[in-house]
Amino acid sequence: MKTRLRELRESYELTQAQCAKAALISKNSYIRYERGERVIPLDVAKTLAEFYGVSIDYIAMLSDEK
């Protein structure tokens, strides 16, 4: 998941702070998710999937289709 989050963020040219704000989480939490240091809770994964316009499966690396 960590690589997908980073790829998505960078493809939209967003900062970690902007993504954290969109997901209603702290910047530190987002950084930990992006680094793979913490597992992303389902509600946060859903919010991020909606924000990026992709499926949760894509974020979880279960699918290569956005």
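In what follows, every heavy atom counts, from backbone to side chain, and hydrogens, waters and symmetry copies are set aside.
For the atom pair CZ of R35 and OG1 of T3, the computed distance is 15.5 Å after rounding to the nearest 0.5 Å. How far CD1 of I25 is from CG of L48: 6.0 Å, rounded to the nearest 0.5 Å. With rounding to the nearest 0.5 angstrom, the CG atom of L5 is 10.0 Å from the CE atom of M61. To the nearest 0.5 Å, the span separating CG on L42 from OG1 on T47 amounts to 9.5 Å.
Closest heavy-atom contact between S55 and A49: C-CB, 4.0 Å. Taking every heavy atom of both residues into account, A20 and S26 meet most closely at CB-O, 3.6 Å.
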Open item on the list: Does R38 form a side chain to side chain contact (heavy atoms under 4.5 Å, CB included) with S29? I'd like the steps, not just the answer.
Closed with: CA-CA 8 Å; R38 289 180 63 188; S29 289; 3.3 Å; yes
TODO: Start with the C-alpha gap between D64 and R4, add the side-chain angles, then the distance that decides, and say whether side chain to side chain contact (heavy atoms under 4.5 Å, CB included) holds.
DONE: CA-CA 10 Å; D64 288 330; R4 285 279 162 87; 2.7 Å; yes
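For the pair Y52 and S11, the minimum side-chain heavy-atom distance is 4.5 Å or more.
No continuous path of ILVMFWY side-chain contacts below 4.5 Å connects I31 to V44, so the two sit in separate hydrophobic clusters.
A22 is linked by a side-chain contact (heavy atoms from CB on, under 4.5 Å) to F51, counting only residues two or more places apart in sequence or in another chain.
Within the structure, side-chain hydrogen bond (donor to acceptor under 3.5 Å, both in side chains) contacts touching residues 12-23 (residues at least two apart or in different chains) are T15-Q18, Q16-E34.
Using modelled atom types, one side-chain atom of R9 and one backbone atom of L14 make a donor-acceptor pair closer than 3.5 Å.
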